[in-house]
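The block underneath contains the structure these notes are about, expressed in structure tokens.
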Amino acid sequence: MEPLRLFTVFAASVLAGTLGALLGLGGGIILVPALVLVLGVPEKTAVATSLLGVIATSVVASTSHLRYRYTNIPLAMWLVSAAVLGALLGSMLFQRIEARWIALGFVVLQTYVAWILWRRQEPSAGSEPVIQDTNGASACYVDHATGVTVCYTPSRLYAGWGAGLVAGVISALLGVGGGIIKVPVMNLWMNVPLKAAAATSSFMLGMTGSVSAAIYLLRGYVDPTLAAPSVLGVMAGAHLGAFLSRRMRSRVLRHVLIALLVVSAIRMAWRVF
């Protein structure tokens with residue numbers, strides 16, 4: 001690989017890893033378009049490479065998030081069962097369905113979620129311990145940006161499970177990690193604060209991405225010359241993203257997420273039309 005091309009892949013991967021760890025999205029919405037539109041990589045190769053980056057982001061970011069108790073493990077275990085099943089279904093559809101039709105629905109979904117996030121305020125969370133734990137997924141964490149102890153109880157678990165199934169399919173088809181759906185769903189539908197949603201999503205992404213990545217690797221979609229600099233860059237960026245996520249206020253994270261949703265929707269629309 002030429003040095004300039006190698007550097008471009010690495011730089012795009014660092015950016016993808018940073019944003020992926022920061023917002024629990026996996027980074028695929030940055031890495032896939034960079035590989036396809038800038039470097040001319042075939043789309044299916046870009047998707048397979050992106051999923052390897054998703055796994056690397058999850059491993060690095062989750063280590064930090066777990067240490068600071070942002071990750072809600074009971075909630076993650078519930079949602080990941082749906083996401084893994086969705087990833088298996090998506091992997092089987094990968095060679096049979098044109099991804100542009102999935103992308104068209106994704107454009108509508110992302111635009112709608114970005115609009116809702118723009119209008120909605122962060123769910124209020126008190127500093128008192130959660131008294132009534134109705135589903136075993138209640139949790140507390142200290143927001144290091146404000147010093148406040150945040151407690152919450154996730155709701156609408158079955159709706160979240162269904163969304164996790166869709167996220168797994170989208171992850172396998174488009175290589176975006178599925179966090180682009182899971183984070184807004186946890187935050188908007190399930191009453192999970194944005195930082196906890198991002199951390200919980202990061203924890204799940206590695207398990208979801210591993211299913212599809214293993215299948216694509218066996219089918220020969222992975223290019224080792226792209227995969228090596230991508231994984232190294234993503235891991236470097238993920239360290240930075242995990243560090244920033246503890247120090248940024250949720251309102252800032254929300255605005256970053258909205259911007260990413262808009263950019264991703266534009267990318268998907270470009271793919272369709």
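Here the structure is a predicted model, which means the values were calculated and not measured.
The side chain to side chain donor-acceptor pair (under 3.5 Å) search around T63 returns none, not counting sequence neighbours. Remark: Y216 engages no residue in a side chain to side chain donor-acceptor pair (under 3.5 Å) (not counting sequence neighbours). Qualifying side-chain contact (heavy atoms from CB on, under 4.5 Å) partners for L244, counting only residues two or more places apart in sequence or in other chains: T18, L22, L240, M248. Checked against side-chain contact (heavy atoms from CB on, under 4.5 Å), Y68 has the following partners two or more places apart in sequence or in another chain: S64, Y70, H144, R246. Scored by the side chain to side chain donor-acceptor pair (under 3.5 Å) test, S13 finds no partners at all (sequence neighbours excluded). Not counting sequence neighbours, R69 has no partner by the side-chain contact (heavy atoms from CB on, under 4.5 Å) test. The side chain to side chain donor-acceptor pair (under 3.5 Å) check on T8 picks up nothing, with sequence neighbours excluded. Evaluation of the side-chain contact (heavy atoms from CB on, under 4.5 Å) rule for A159 yields R156, W189 as partners, not counting sequence neighbours.
Side-chain contact between I73 and M77: present, with at least one pair of heavy atoms (C-beta onward) separated by less than 4.5 Å. The shortest side-chain heavy-atom distance between L75 and M190 falls under the 4.5 Å cut-off. Counting heavy atoms from C-beta on, the side chains of L194 and V183 come closer than 4.5 Å. Within the 4.5 Å cutoff, side-chain heavy atoms of Y141 are placed close to those of K195. The shortest side-chain heavy-atom distance between S201 and M186 falls under the 4.5 Å cut-off.
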Output side-chain donor-acceptor pairs under 3.5 Å for residues 28-38, partner residues at least two apart or in another chain, one line each.
none

Would you tabulate the side-chain donor-acceptor contacts of residues 80-92 under 3.5 Å, counting partners in other chains and residues two or more places apart, or write 'none'?
unit_1	atom_1	unit_2	atom_2	d
S81	OG	W78	O	2.7
S81	OG	W161	NE1	2.9
S91	OG	A87	O	2.8
S91	OG	S212	OG	3.1

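Residues S155 and N191 share a closest heavy-atom pair of OG-CB, 3.9 Å. Shortest non-hydrogen contact noted between T149 and C140 is CG2-CB, 4.4 Å.
The cluster map of Ile, Leu, Val, Met, Phe, Trp and Tyr, joined by side-chain heavy atoms under 4.5 Å apart, puts Y158 and V166 in the same cluster. Transitive grouping of hydrophobic side chains (ILVMFWY, heavy atoms separated by less than 4.5 Å) keeps L15 and L4 in distinct clusters.
Panel note: side chain S230, backbone L226; a donor-acceptor pair is recorded below 3.5 Å. Using a distance-only test at 3.5 Å, with no hydrogens or angles considered, a donor-acceptor pair links the side chain of T208 to the main chain of M204. Side-chain atoms of N187 come within 3.5 Å of backbone atoms of V192 as a donor-acceptor pair (strictly under, hydrogens ignored).
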Checklist entry - Taking it one step at a time, do L52 and V222 satisfy side-chain contact (heavy atoms from CB on, under 4.5 Å)? => result CA-CA 9 Å; L52 293 179; V222 177; 3.7 Å; yes

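Counting only N and O atoms by type, the side chains of N72 and Y152 include a donor and acceptor under 3.5 Å apart.
Note: Y221 OH to T45 OG1 = 8.5 Å, rounded to the nearest 0.5 Å.
In this structure, L232 shares a hydrophobic cluster with F10, V14, the cluster being traced through Ile, Leu, Val, Met, Phe, Trp and Tyr side chains under 4.5 angstrom apart.
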